[in-house]
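A short worksheet on the structure shown next.
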Protein chains: 2
Amino acid sequence: MRKVDPAKHRARRQYILHAAAQLFAAKGFERTTTAEICKAAGMSSGNLFHYFPNKRAIFHAIFEEDGADSGESKAERLARAQASDDPWAALLEVVELLTADAMNPVAPPLVMEAVVQAHRDPELDALLGRDNAQEHTAVATLLAKAAAAGQIDPALDPHDAATWVLALIASLYTSAATDPAFRPAAQLPVLRLILQRFLKAPPLDVHPPRA
Amino acid sequence: MRKVDPAKHRARRQYILHAAAQLFAAKGFERTTTAEICKAAGMSSGNLFHYFPNKRAIFHAIFEEDGADSGESKAERLARAQASDDPWAALLEVVELLTADAMNPVAPPLVMEAVVQAHRDPELDALLGRDNAQEHTAVATLLAKAAAAGQIDPALDPHDAATWVLALIASLYTSAATDPAFRPAAQLPVLRLILQRFLKAPPLDVHPPRA
DNA sequence: GTCTATATATAGATAGAC
DNA sequence: GTCTATCTATATATAGAC
């Protein structure tokens with residue numbers, strides 16, 4: 001056959017990305033050298049740069065890998081959730097979808113690193129921004145529908161509330177990255193409790209007295 | 001008088017730290033060169049290293065500057081809050097104390113960078129860990145007292161709840177660092193609302209005995 | 001205390017053989 | 001596609017004059 005299967009080329013790329021992700025998570029982008037990536041991937045410098053044009057492209061590719069492996073892409077699952085006729089249940093599914101990665105030990109530090117790098121890398125910033133906008137739209141849509149269906153407090157602004165829902169989810173990653181004692185899986189119920197109490201309508205007409 | 005007032009030496013150090021903080025916030029630790037710090041501080045390389053032994057020491061010093069300038073140090077204010085006889089009010093004061101810095105535009109990215117750097121810098125990790133432990137103790141103590149006083153849900157575990165209170169506060173910094181549209185000052189009331197709904201006792205019977 | 005000049009090292013990326 | 005060898009740039013930190 002002609003042309004070395006593109007499948008093999010793709011597999012090799014994935015292997016490099018996997019090795020690089022570990023390093024970037026442990027040491028950050030700048031302190032991870034291409035030489036280390038070569039060693040971890042078991043190949044030479046000349047070969048590494050045959051697969052990726054530069055170090056930054058490797059980092060980007062880690063966050064571009066979407067769908068393909070799983071049956072359904074994240075975007076598809078978000079879209080399907082938005083169309084649900086039980087917005088609250090759909091919201092809980094979205095929360096589960098977005099928190100799943102936090103259980104993977106490399107994800108939290110990797111996400112932190114990506115956020116920091118996005119400050120000085122417009123391309124990465126745009127990439128993460130698109131992801132975040134997608135998630136924000138999905139959550140805000142569900143919150144609006146849930147409010148209309150009487151499932152949550154209708155007084156909440158869907159946009160602001162969605163921002164905080166995503167912030168709480170992000171806390172799972174930042175806390176895991178910061179505090180070695182923090183176990184995302186164990187804290188998931190607390191996260192759900194906070195969301196429920198925050199979003200569910202105030203019990204009666206109780207107005208908490210604040211001085 | 002004696003030579004070289006220590007005051008002048010200290011002022012010069014502070015000036016370097018101020019200049020360096022801006023750069024570290026904008027470009028991160030690794031991508032900020034000592035040459036840039038020299039330029040921003042208006043001095044030569046040889047002189048910069050007269051004030052600090054190395055680049056990392058400059059970064060550390062930014063997070064060590066505590067108290068001295070303000071009338072009362074953060075540790076003192078936390079200790080005083082813990083002794084309050086109105087735990088809920090004291091908790092709100094602690095929240096205000098810990099969120100104040102988020103309004104300073106350089107603080108959020110700087111905090112993010114510190115967290116990331118702490119992963120590979122044990123000394124910095126210890127420094128931030130001490131700060132965080134102090135805050136966690138203060139909040140957990142106040143939550144336990146507030147529960148005993150019937151001000152919040154007594155079913156909450158003070159340790160876990162304190163972790164999430166601090167996580168919510170941290171969200172103010174991470175969101176500000178991530179999303180240019182996020183205005184910490186404007187979102188502070190939402191943060192307070194979430195805390196109130198999360199922590200206050202389940203609606204049914206218990207109500208705060210405050211009058 | 002402040003400067004200029006530079007030692008030292010290490011990084012990312014490329015060239016070109018096989 | 002994969003390698004070895006290396007170019008080029010740039011960074012931290014130091015030496016030593018003033």
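Every chain is numbered from 1 and lettered A, B, ... according to where its sequence line falls, protein lines coming before strand lines.
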Practice task
Could you name each residue pair satisfying ring-ring contact (aromatic ring centres under 6.0 Å, His included) that touches residues 82-111 of chain A, not counting sequence neighbours?
Solution key: none
Handout entry: Euclidean distance, atom CZ of residue B:R12 to atom P of C:dG1 [Å, nearest integer]
Key = 10 Å
Problem - Sequence neighbours excluded - side-chain hydrogen bond (donor to acceptor under 3.5 Å, both in side chains) pairs with any residue from residues 164-177 of chain A - result: A:W164-B:Q187, A:S171-B:S171
Problem - Residue list, side-chain hydrogen bond (donor to acceptor under 3.5 Å, both in side chains) with B:D121, at least two apart or on another chain - result: B:R56, B:H60
Exercise for the section: Kindly state which residues belonging to residues 49-62 of chain B come within less than 4.0 angstrom of DNA chain C, counting heavy atoms of the residue only, listed by number. Expected result: B:H50, B:Y51
Fill in the blank from the handout: Residues passing the side-chain hydrogen bond (donor to acceptor under 3.5 Å, both in side chains) test with A:T178, sequence neighbours excluded, are none
Exercise for the section: Using the ring-ring contact (aromatic ring centres under 6.0 Å, His included) rule, collect all pairs that involve residues 115-148 of chain B, keeping only residues at least two apart or in two chains. Expected result: B:H136-B:H159
Completion exercise
note: A:M43, atom CE; C:dA13, atom C1'; distance rounded to Å ~ 16 Å
Practice task
Round to a whole Å and report the spacing from NZ of A:K8 to C1' of D:dT2.
Solution key: 12 Å
Practice task
Identify, residue by residue, the members of residues 16-42 of chain B with a heavy atom below 4.0 Å from DNA chain C, and return them in order of residue number, or none.
Solution key: none
Distances under 3.5 Å between protein N/O atoms and the N/O atoms of nucleotides 4-6 of chain D, please, pair by pair.
none

Problem - Rounded distance in Å - CG (B:L48) to P (C:dC3) - result: 10 Å
Without placing hydrogens or testing angles, list every side-chain donor-acceptor pair under 3.5 Å for residues 13-29 of chain B, not counting sequence neighbours.
| unit_1 | atom_1 | unit_2 | atom_2 | d |
| --- | --- | --- | --- | --- |
| B:Q14 | NE2 | B:E65 | OE1 | 3.4 |
| B:K27 | NZ | B:E36 | OE1 | 3.4 |
| B:K27 | NZ | B:E36 | OE2 | 2.6 |

Ignoring hydrogens and angles, write down the donor-acceptor pairs under 3.5 Å from the side chains of residues 95-103 of chain A, residues two or more places apart or on other chains.
| unit_1 | atom_1 | unit_2 | atom_2 | d |
| --- | --- | --- | --- | --- |
| A:T99 | OG1 | A:V95 | O | 2.7 |
| A:T99 | OG1 | A:E96 | O | 3.2 |

Handout entry: Residues that A:Q82 engages under side-chain hydrogen bond (donor to acceptor under 3.5 Å, both in side chains), provided they are two or more places apart
Key = A:T141
Exercise for the section: Using side-chain contact (heavy atoms from CB on, under 4.5 Å) as the criterion, list what pairs up with A:L193, not counting sequence neighbours. Expected result: A:R197, B:L156, B:F198
Fill in the blank from the handout: Minimal heavy-atom distance between A:L142 and A:A81, with the atoms involved, is CD2-O, 3.5 Å
